[in-house]
Each structure stands twice: as structure tokens, then as C-alpha cells.
Amino acid sequence: MSSSACVKDRGVKTFASGLYCKECGKRFELSLRNACDECFAPLEVRYDESAVGEKLSRDTVSGGPQNIWRYWPLLPVNREEGLKGLNPGMTPLRECRNLARKLGLKRVLVKDDTVNPTYSFKDRPVATSVPLAIQFGLEGVGCASTGNLAGATAASAAKYGIPCYVLVPQGLDRNKLLAAHAYGAEIVEVKGTYDTANRLANLVADRHSIGLVNINLRPYYVEGSKTLAFEIVEQLGWEEPDRMIVPMGSGALLTAVGKGITELRRHGLSSGSCSISGTQPAGCSPISSSLESGELLPVEEPHTVAESLAIGDPASGHDAAGVIRSTGGFADAPTDEEIVEAQLLLAREEGIFAEPAGGTVIASLKRRVEDGTISGDETVVCLVTGNGLKVPAHLLHGIRSSRVGPVLEEVETAFRSVV
Ligand SMILES: Cc1ncc(COP(=O)(O)O)c(C=O)c1O
Ligand SMILES: [Zn+2]
């Protein structure tokens, strides 16, 4: 799927040198295009390495703004244009001593992207794609979404003052729609799965002057997510952890994390040999399954509590599998029961309330420590990418509470029953 439009403003400063085909290497101008016209393979942004090398150092980064734009030489957007947005990033890398002790690990850290402007990591890829839609002279932006991206795109569109259209599968958790609505997006609920919504969005992208962040703007979109890898390495004193565990839906995030690590190494900003592991819910695990079977078979009807990860036909599945393989990571697929249990484990041990996508990561951490894949002396970073308050429905029935009158004795009795 590809489309093209002229770049209206060619004077915009970025060190991105073009879009390049991941298969045949053909170069294209920075434009509204996501696939090679020769071999139809996806495109990626590459940079003028010597220009980046001159501007990017540990000092320039640490003197930069407290958001993703501190890494602007490796992003495809003019820094001043980027800074007009919601400025996600530089989220905490939380030391999780209680969890580490409980699991018998030397060191566990959570990269806590639940505290981004719209409470998920999706603010990052949106930050590097919405400004380009404006630069390309498009009339609106949008996305196909499992929920988080809809909110993130809508919020960014509001900030930049451009209309937003989101396509989501029908029946999504209402809280996620509420956010997109509050930010003023036009919401289209599509009967069917995320993949149906995505297919329709591809057709819309070809017919209208709209920048769909994860479709026709996809090469720019993935660039935002790699800042997660940049920040983790920086926050660890420019050293890689032994392992990262990343949740996978389309596989774009994991692929971007791999690209981020490669770019840091190229510029001498990172040392170590981090392995990158991926996890998906058992009810929708086409990428994880492909690492065993060698074949990526789409899942027709995903069934999982981790709705954000319910992408049956993952656009970046092959790339993600490649990164896992080449870095010696594992691919996993915990059950919904394990996911919810791990969500509560993280909340109760560390005070971090993640949505089920985060529970999926912690569930895999636990499983792989138990089966010996992760050894006790590893430093592991878990990417917790969305906030639990966004997806409360499946936990509401389990709320533990005591109803008492406004009477001290009744309160004390209730306290004694839980303490
Ligand atoms: C909270 C959360 N984590 C992880 C992902 C997976 O990202 P990707 O689709 O890039 O693999 C998503 C995707 O929607 C998400 O919403
Ligand atoms: Zn090509």
C-alpha cells in the first residue's frame, strides 16, 4: 500500500536523508509514502550520519528538553515544530525492588509509559507523524486503532489544530472511545476486528488527503517509538540492560526499539548487548507463534483481555520476529488469566497500575524466570506501555471493599477484617 504527495515545505530542518526500502534499498524523498514502488516492501527513515554525529552526544542530549525532542538529530521532524505538540517522553525508569525480590532477580526496572500525555506510549509515534502530515499539506490526520492510538492521535491533532478521524473495532472499551471523543475526534466504529478497521483505513488513505499515522505515515510513526530505547539506555547511564521485554501488537514498537538500539550503537552512545524479547496474549499471538512455526499466520478472531494487542494480521510482524531472533530474545504468549494476575502483581508490589498490555509483559517476565530462560543475575527492563485506568472493565467485578455507616466501630471492624 503506498501513496504519495509533494512536500510543501522543503526548508524544514531535519537530518533525515530520505525514505529507504528495507528490501532493495531504493531511496525516496521524505514524502507521504510507506512502501517501495519496485518491490512493495516497507520503507524506513534513514539519516545523514555525519550530520547526526556532529550534533548528537551525551552532553547535547542531557542539555536538551525533558521529552523526546532531546534526540531530535535522530528524528524526522524539525525540533521547533515537534515542540509545538504534546511533548511526550522522558518517562520514569522505575527500579522495582519488590518485584525483583519476589521473582528472585537481581534487578528489574519498569519503563513507565503510563504517564505520557494520553497515558500510553502511543504519544511518541504520534509526535513524529502528525507534524509531518501538516508539513505535507494534508487536510486531516487519523489512524486505525485498538484504542490507545485513537486517543493519542486525537489529542495531538487538537493541539496542532487539525481535524482527526479514527477507525476502531466496534465494542472497544468505552473509556478509550471517551478519550478520543473528548479530544474532538470523529470516531468511526467498524463492525469487525481491528484488522477490518485497518483494511478500511488503508482505502481511506488512498482516496483522501488524510495522514493516517500508522498507515501512510508509518515510516515516520515508528521513529517516535524508538525514543523508548534511547531513554532506557540514557537512564541506565548509557548502558544497555541485559534484556528488554516488549509488548507486541503490530510489532512496530519492538521493531522500533531494535532500530533505536542499533542507531545508538552506531553513534557510540550505547554499550552492551541487550536482547529484545516480545510478548503477546495467547488469544492473539501471531508473531510469537511465528517464531516457533517459522510462518506468520494471521489470527482471524482475536480473543483477549489485552485489547490493545489484539492485532491478528501484524504489519510489522516479520520485522519484529527478525529483531527477536537476531538479538537472542524470546517470544512468549501468556494466558489472559496470567495477564490479569500480573497486572495486579505489578500494581500491588510496585504501585504501577498498567493496562493488560503491561500485564502481558510482567506475566512473561514471571514465566521466563520460572522456566529458567531469564537468569537471576540479569538486569531486565519491562516496557509498560499503557495505563490501567484506561481499561477498567475486566477488573471492576473484583473490587474489594467494605460498606459501613459513618460509625467509627464499623470502620475499625472493616479494618480488622483486612489487616
Ligand atoms: C499499550 C500498548 N502497548 C503495546 C502496543 C503494541 O504496539 P505495536 O502495535 O506497535 O506492536 C499497543 C498497540 O496498540 C498498545 O496500545
Ligand atoms: Zn524495494
Side-chain angles (χ1 to χ4, degrees), residues 2 19-28 33-44 111-116 118-126 129 143-153 166 168-169 172-173 176 179 194-195 197-198 213-215 218 221-226 228 245-259 276 278-281 284-288 302 304-321 323-324 331 339 343 354-362 382-391:
S2 80
L19 295 175
Y20 293 80
C21 174
K22 286 190 181 185
E23 286 295 324
C24 74
K26 183 172 175 181
R27 179 185 174 278
F28 301 86
R33 177 185 286 282
N34 65 0
C36 177
D37 60 7
E38 303 262 335
C39 67
F40 306 107
L43 306 179
E44 68 177 4
K111 180 60 174 166
D112 186 1
D113 254 22
T114 69
V115 296
N116 267 317
T118 72
Y119 311 105
S120 88
F121 88 97
K122 294 287 185 182
D123 291 317
R124 297 172 186 271
V126 162
S129 45
C143 60
S145 173
T146 56
N148 286 321
L149 185 58
T153 310
V166 301
V168 295
L172 205 61
D173 194 295
K176 294 226 164 135
Y194 166 82
D195 296 291
N198 189 54
V213 294
N214 56 339
I215 297 176
R218 195 169 180 86
Y221 167 90
V222 298
E223 292 300 283
S225 297
K226 76 188 182 187
L228 264 164
I245 308 180
V246 184
M248 299 186 292
S250 75
L253 169 60
L254 189 142
T255 307
V257 165
K259 187 173 192 267
I276 302 174
T279 182
Q280 300 192 284
C284 184
S285 58
I287 308 174
S288 295
T304 171
V305 70
E307 279 181 346
S308 316
L309 306 180
I311 296 180
D313 192 4
S316 304
H318 289 291
D319 288 340
V323 171
I324 294 171
I339 290 169
Q343 220 187 328
E355 69 161 88
T360 310
V361 171
I362 303 300
C382 295
L383 275 69
V384 169
T385 46
N387 197 303
L389 288 171
K390 298 178 107 181
V391 199

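Every heavy atom of this structure was used, including side-chain atoms; hydrogens, water molecules and symmetry mates were not. Note that ligands are numbered from 1 as they come in the structure, with each ligand's atoms numbered from 1 the same way.
Regarding atom 14 (O) of ligand 1, its nearest protein heavy-atom neighbour is K122 CE, 3.1 Å. The protein heavy-atom contact nearest to atom 7 (O) of ligand 1 is F121 CZ, 3.6 Å.
Taking a 4.0 Å cut-off on heavy atoms, S120 fails to register as neighbouring ligand 1.
Of all atoms in ligand 1, numbered sequentially from 1 with element shown, those under 4.0 Å from a heavy atom of T146 are 14 (O). Close contacts between ligand 1 and S308 involve ligand atoms 12 (C), 13 (C), 14 (O), 15 (C), 16 (O) [criterion: under 4.0 Å to a heavy atom]. Residue contact check: G251 has heavy atoms under 4.0 Å from atoms 8 (P), 11 (O) of ligand 1. Every atom of ligand 1 with a heavy atom of N148 under 4.0 Å away is listed here by number and element: 1 (C), 2 (C), 15 (C), 16 (O). Interface of A252 with ligand 1, defined as ligand atoms under 4.0 Å from a residue heavy atom, comprises 8 (P), 10 (O), 11 (O). Of all atoms in ligand 1, listed by their number and element, those nearer than 4.0 Å to a heavy atom of M248 are 11 (O).
With a 4.5 Å cut-off on side-chain heavy atoms, D195 and I311 count as touching.
Looking at L309 against ligand 1, only its side chain comes within 4.0 Å, counting heavy atoms.
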Next on the checklist: As a quick check of understanding, evaluate side chain to side chain donor-acceptor pair (under 3.5 Å) for S225 and K259, giving each step before the final call.
Outcome noted: CA-CA 10 Å; S225 297; K259 187 173 192 267; over 6 Å; no
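Excluding water, every protein N/O/S atom under 2.8 Å from the Zn ion (ligand 2) is given here by residue and atom: C21 SG, C24 SG, C36 SG, C39 SG.
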